[in-house]
Structure formats: structure tokens, C-alpha cells
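So the structure is just underneath, and the comments pick up after that.
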Amino acid sequence: MKRVNGRMAAVLWLGIAVVFLTAVTLFGWRVAESALMTDFSRKNLPPNGAYFFGTDWMGRDMFVRTVTGLSMSIRIGLLSAGVSSVLALFLGILAAIMGKTVDSVITWMIDLVMGIPHILLLILISYACGKGFRGVVVGVALTHWTSLARLIRGEVLQLKEALYVRTAQKLGVSRWEIAWKHMLPHLFPQFLVGLILMFPHAILHEASITFLGFGLSPEQPAIGIILSESMKYLAMGRWWLALFPGLFLVFTVSLFDMGGESLRKLLAPGSTHR
Amino acid sequence: MVLEAKNISFRYGKETSRILNDFSFQMESHERVGIVASSGFGKTTLCKILSGYEEPDHGEVLLDGKAVSSYKGYCPVQMIWQHPEQVVNPRLRMREVLNEGDEIEDRIIQGLGIEEDWKNRFPAEISGGEMQRFCIARALGRRTRFLLADEISTMLDLITQSQIWNFLIKEVECREIGLLAVSHSPALLERICTRICHLEKSC
């Protein structure tokens, strides 16, 4: 009974995560216009029936701004994590199959990127790319591929020596067929889970460099911008400006994390027999 | 055809002791040779070298005068391993495992007692003995000339053992496949082999 419950819980969490994240992304996209709308007749309202998250000093609806910011964060996360994981897949496989020299160059690159604190490298890359949406995406993509690349490299190295792969070679199975039938099915779950678990990092880093002023430009309603602007008003007792966007950021990130973990549980080979 | 090992030496890594030392061996495709030795004397290693899974440090393995490692594509020397679960991909159905072999005839599949229903299962869903039959069938492809059987029946009960060995002997005899059998049981080798070879401890 317990096993079934575990699997069902994983499916449930995955479902909740997917539905919530899609809803936020699409809704945020649609209301992006009204997130910028100012109305001085309703400024500085605490949370109430009409404005769930209150309004700010320019009378902008904080609920709409939060959702739009999250939607933006999710899109940036998707894009940069996607680019980053494809990079990781490519470099990881190259390192494993192209021989010693390529392997040591790529391993050295992994160590180099891992050796520099993420946030520092991110700020530098984002600044060099002219900040904004592009800067953030390039920065996050170039800093987050390392651990997945390392994982994939190890996995391919292990698969190459697996007896069933060697036996297939002796049976005259072609290289492409071995790659397609024996290697990819083992790499795919690792890749997918790695990709999804990269989202929360990407979103958090996007928010943090935006907060520090090296990311998206101030007119965009990103979570990082909202949080850094609200800092000035916290001392005046306008707690709702920071609390709800912050809470929702944490909530989104942990949903991604939970979705990724559930997927890992579902895809783990043999877990049905545990 | 003749399978020949000429003065082969082998060790795993640099620091470990030598497993095979200047070992020479020859068999023809109508023979059934049994290899007897205690644990750690290099029986499996010998099979791996003969079928080209490992390269010897010195010496060479020749199949009709041509190095085994130089055969591209299907290797005429096929090995059946002691642990079948290591040589089948856990994510492939048994049908696909069989399809990797070289045009396996239905006669072989029936002779080994493989049931139609097993082919649709994944390796985790069948027993070790059932999986071993698939591995034996897969190694009996059309172009196989030598079969190296490394302790292939250890996990089977006696009735199944005799069923499988009877089939194998009949099969290798009528197709003139050379059989090299490795086992801890002298009685078994006595029964199935035409010649028995003892591996001596080297180093």
C-alpha cells in the first residue's frame, strides 16, 4: 500500500506543480499590461477584498505585479535552464566520447566555472551582455550547466563500459543503434530531471541579480525589481509590498523543486519494485 | 575453423599479480573443451580475452590465423556470461534483446524453452534462469563459430541444466560450433566435453 501511495503522491505533486506553473505563466503574460498601470486614487492600500496583495505607492495592483513578475521569472528560468541543459548534454557527451584531450579541456572548464562563485560570474556575464532579458538568460545559461554536464559525462563513461553495451558491439550492432537504443534511454531521465531541477536555481539567480541591479531594467515588473523597490517602503510599515512577492517566489521555486523530485522518483529505474 | 591463443599474458592494472602467464591454447570448431581451475585462476579472464573483450598484454588470439580483435561487425567468437543481468539492457524488452542476435532461428528459441510471453517482459520481470536462456539464444546467431560458456548453468536447477546442455550439445554438433565450457563442476564437464584443459596458477 505504501509504495502505491508514494507513487501516487509523486504524480499528484507533479500535476499540481505543472498546473500552477502553467497557470501563473499564462495569466502573467495576459495581464502584463495592467501590471504597469498606475492609479493614484488607490495608492498605498493594504491588502483588502479588491486588491488581495494591496497596492504600491503609485497605485499599482501588487497581485497583478507579482503574477506578472513570476511569469517573467518562469519564462526566463525555462529559457535559460533549457539552453544550459542542452549545453550540458552536448559537452558531457563530448567529454565522454571524444578522447582524453577533449575530456580534460571540458573537465577543466567545468572546474573553472564551478570554482568562481555563481553570483559573481552571473553579474559579470550579464553586465557584459548589456543586462536586461538577454543578459540574464545568457548569464544563467552559462553558469548552470556544470553539474549536469559532469553527471552526463559520468553516466556516458559508465554506459560505455557496461557489459550490455560491449556485448552489443560484439554482436555487430552499429554505433548509432547503440547510442540510440542503449545510451539515450538511460541519459534521458537524468537529463530531464537535471533540467527541471535547474529551474529553481535559474529563477532565484534571476531574481537576485535583478535585485542587485544587474539584471532586468527597473520598468519591468520582475520579482527582483519589486523586492528591491519595496525595500524603501518597508520602514514605513508597508509590509505587503515585499511579503507576498517574496512568499510567492519561494512557493514557485519549491514547486519546481518538488515537481523535479517527483519526476525523478517516477523515472528512477526499478523504483516500481521498491 | 581454429581458435588459437598464442603465449598470452594478462594482468588487470599494473600493480596486481599476473593472471595468465605465457598461456597457449588451441581448439577447433568440432571440439568441446572444458576449462577447469580454482577460483581466481583466470577462467573468465581467458574467455574475455578469447572473445576480444580484453586485449592480452602479450601474445595474440587468432581465429583462422587472423586476430580476433580485427573482426569488424559481428564477432564469430561469442561469449555467454555467468551473470545474465549484466549483459542485458534493463530498459529493453527481451524481444529486443533477442533481436540483437544474428537471425536467431525459432528452433533455438523453442529448444531453450523460451516462452512467447517472456519476450514482452523487461529484464526486471523475469528470473535469472529465464534471462540466461535469452542470453544463450542471442549468442547462437547465424555467424557464430565459437561459443564460450562461462559458468552458464550455475543459477539453474538440475532439470533445466540438463535440458539446456542437451540442447546446446546437439546444436553445436550439428552446426560445427566450437564450445568452450567453464565450470566448477568436473562431473558436468566430464559429461559434455570431448577434452578437458586445466589452467595452472601463474606468477
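Chain letters run A, B, ... following the sequence lines, proteins first and then strands; every chain starts at 1. Everything quoted here is computed from the prediction, not taken from an experiment.
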Check whether any side-chain heavy atom of [X] sits under 4.5 Å from a side-chain heavy atom of [Y], and report yes or no.
| X | Y | value |
| --- | --- | --- |
| T167(A) | M79(B) | no |
| C75(B) | Q169(A) | no |
| R166(A) | K48(B) | no |

For atom [atom1] of [X], is the number of surrounding heavy atoms from other residues, nucleotides or ligands below 6.0 Å larger than 12?
| X | atom1 | result |
| --- | --- | --- |
| R107(B) | CZ | yes |
| R95(B) | CZ | yes |
| R175(A) | CZ | no |
| R134(A) | CZ | no |
| K6(B) | NZ | no |
| M114(A) | CE | yes |
| Y12(B) | OH | yes |

Q) chain A heavy atoms under 4.5 Å from S51(B): which part of the residue, side chain, backbone, both or neither? A)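 S51(B) touches chain A through backbone heavy atoms alone.
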
Q | N89(B) portion near chain A, given a 4.5 angstrom heavy-atom threshold | A | both

Closest approach of [X] to [Y] (non-hydrogen atoms, all atoms of both residues):
| X | Y | answer |
| --- | --- | --- |
| Q78(B) | K170(A) | NE2-O, 3.2 Å |
| L163(A) | W81(B) | CD2-CH2, 3.4 Å |
| P90(B) | H186(A) | CG-CE1, 4.0 Å |

Q. In terms of heavy-atom pairs under 4.5 Å, which option from K72(B), R143(B), R138(B) contacts chain A the most?
A. R138(B)

